[in-house]
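Working notes, beginning with the structure itself.
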2 protein chains.
Amino acid sequence: MQNTALGRKLGAFVALSAPEISALESLHKRRRTFVAGRDLVHQGQSEQAAYILASGWAVSYKIMEDGQRQIVDFQIPGDFLGLRSVLFHLSDHSVEPVTNIDVTEILLPDLLDAFSRTPRLAMAILWAASRDEAMVVEHLVGIGRREATERMAHFLLELGARLALVGMGSKAGFDCPLTQYHLADALGLSAVHTNRVLRKLREWGMLTFRSGTVRFDDYDRLAEFAKFDPTYLDQTGPLLK
Amino acid sequence: MQNTALGRKLGAFVALSAPEISALESLHKRRRTFVAGRDLVHQGQSEQAAYILASGWAVSYKIMEDGQRQIVDFQIPGDFLGLRSVLFHLSDHSVEPVTNIDVTEILLPDLLDAFSRTPRLAMAILWAASRDEAMVVEHLVGIGRREATERMAHFLLELGARLALVGMGSKAGFDCPLTQYHLADALGLSAVHTNRVLRKLREWGMLTFRSGTVRFDDYDRLAEFAKFDPTYLDQTGPLLK
DNA sequence: CGTGGGTTTGATGACGGTCAAGCCTAGTGG
DNA sequence: CCACTAGGCTTGACCGTCATCAAACCCACG
């Protein structure tokens, strides 16, 4: 069970029993692979599938009429991709792999089947969806009320914390396949300003973003500067025993 | 069932059967009332309840260390209040009634019980949570990429569409208990700029925000100006028959 | 060794914040 | 019945953060 990143994540909310684990495993059929850059969920289209990300990074975003794009969130192993797109008539967003990725596909009937097998798993999935929403909410707060430098710091700290939960990062930093354009589109900034902000953080000795890695040069000072409080990630252990 | 706003809303996703309706009704016990301005969900506290809003308006928001506040969304009849706060160890946000409100309280065991009675209701609630997330996502896009005037127009159009679904609004407008301070905190603007933006929209003959009402003076032109596409509200009828 | 994606830096200006003040209206108390 | 108040709205002046435009650099890759 702990072999899947999703299992590990859900374990942070419910202590899963054997039948629940098997119901969860039954969702992990149909493995697929997608190459970097080719969308796997398409905004505005119907009958999209959802996926659980097994390895690699993805990005979910919305495109506006004038071609601007707003990145909603990045997904890392254990995260759902396009869950809303199976529940809605038309997908409200797109998902693109940042790297090559491995996923398992989930269709609506699979989900319904799993729900009827165990209500606690349904609850766990509702929790996971709510956690995603909490991250979007925090992101909203960042864009609405934090200035650029603090926003950047906060965002990278969040990513670090999420990656740590699945063993892909620590307070020292993490491997990061994103470009400055990704960060700009996520944070509502221009690429130019993104670059300036990163320079500041580097010059201040707080973090270094370069060539595929994020290094926290002074984690504590960075966290204080960004007022990072990871409560909203709710990673403190099972609530439902 | 159509007597509850929530039932009406969920009916937009699943065609509910008799047992599902009764499971839903079993969630509508414990009626309570809260007065305007007194928070009913508290950011940072544990063991919060969730509620279904029966009448009145509420607002969910996050407070930052420096006292700034970011409004995440407004809630109208049929919406959940504080759903994340029952699923998380600590609530990541607060909820305040804008007007006096009537609600029904929901505890975690109620939800688990309903889920075990009918998986389709669980699915419907997952859909409702996802729809909330979709609204937050659209809000994020607005703050990240739309300039102030367009953002305001889009936001008020969304509110209008949501209210229309529960019979509280139309393309002519709706009654609106919000102040310009509310709008400012929701849209990531200052109150001063909010006022200027509203003036522009009024002078352009698109909408009038005044003394408790929003009037769409030219709905079509406004919708075009804001590039309002309500797809993400997913209000087009049951997907699960 | 040329090309293109990603990064870096400078110059300029707009959108929206802050500060400050005044106005308008509903509700309260003398 | 009339101050008086407080919350909400409106407007002006000024300024800062961040966008835009432009150009150059760096490096991996074909």
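Quick note: numbers below take in every heavy atom, side chains included, and nothing from hydrogens, waters or symmetry partners. The sequence lines fix the lettering, A, B, ..., with proteins before strands; numbering per chain opens at 1. Predicted, not measured: the structure shown is a model, and the values here were computed from it.
Nucleic acid contact class of A:G188 (heavy atoms, under 4.0 Å, all strands): sugar-phosphate only.
Under the 4.5 Å side-chain criterion, counting only non-hydrogen atoms from C-beta, A:H139 is not in contact with A:V72. Inter-residue side-chain proximity for A:T213 and A:F174 is flagged as unmet; no heavy-atom pair is nearer than 4.5 Å. A 4.5 Å side-chain heavy-atom check between A:Y232 and A:E158 finds at least one atom pair inside the cut-off. The shortest distance between side-chain heavy atoms of B:L156 and B:L207 falls below 4.5 Å.
We find that CE of B:M152 is positioned 15 Å from C1' of C:dC15, with the value rounded to whole Å. Distance CZ (A:R145) to C1' (D:dC18): 17 Å, rounded to an integer number of Å. Atom CZ of A:R151 is separated from atom C1' of D:dT17 by 10 Å (rounded to the nearest Å). Atoms CG (B:N195) and P (D:dA13) sit 16 Å apart, rounded to a whole Å. The CZ atom of A:R210 sits 13 Å away from the P atom of D:dA28 (whole-angstrom rounding). Between B:Y181 atom OH and D:dT10 atom P there is a gap of 11 Å when expressed in whole angstrom units. Between B:R196 atom CZ and D:dC9 atom P there is a gap of 15 Å when expressed in whole angstrom units. Atom pair B:L183:CG and D:dC9:C1' shows a separation of 12 Å (rounding to whole Å applied).
In the set C:dT7, D:dA19, C:dG17, D:dA19 carries the atom at the smallest distance from any side-chain atom of A:L189. Nearest nucleotide to the side chain of B:A148, out of D:dC18, C:dT7, C:dG16: C:dG16.
Between B:T149 and A:T179, the residue whose closest nucleotide on DNA chain C is further toward the 5' end is A:T179. When each of A:K200 and B:A191 is assigned the nucleotide of DNA chain D with its nearest heavy atom, B:A191 is the one assigned upstream, toward the 5' end.
The shortest distance between the side-chain N/O atoms of A:Q180 and the OP1/OP2 oxygens of C:dG5 is not below 4.0 Å. Residue A:R199 places no side-chain N or O under 4.0 Å from the OP1 or OP2 atom of C:dT8.
A salt bridge does not link A:D102 to A:R31: none of the charged nitrogens lies less than 4.0 Å from a carboxylate oxygen.
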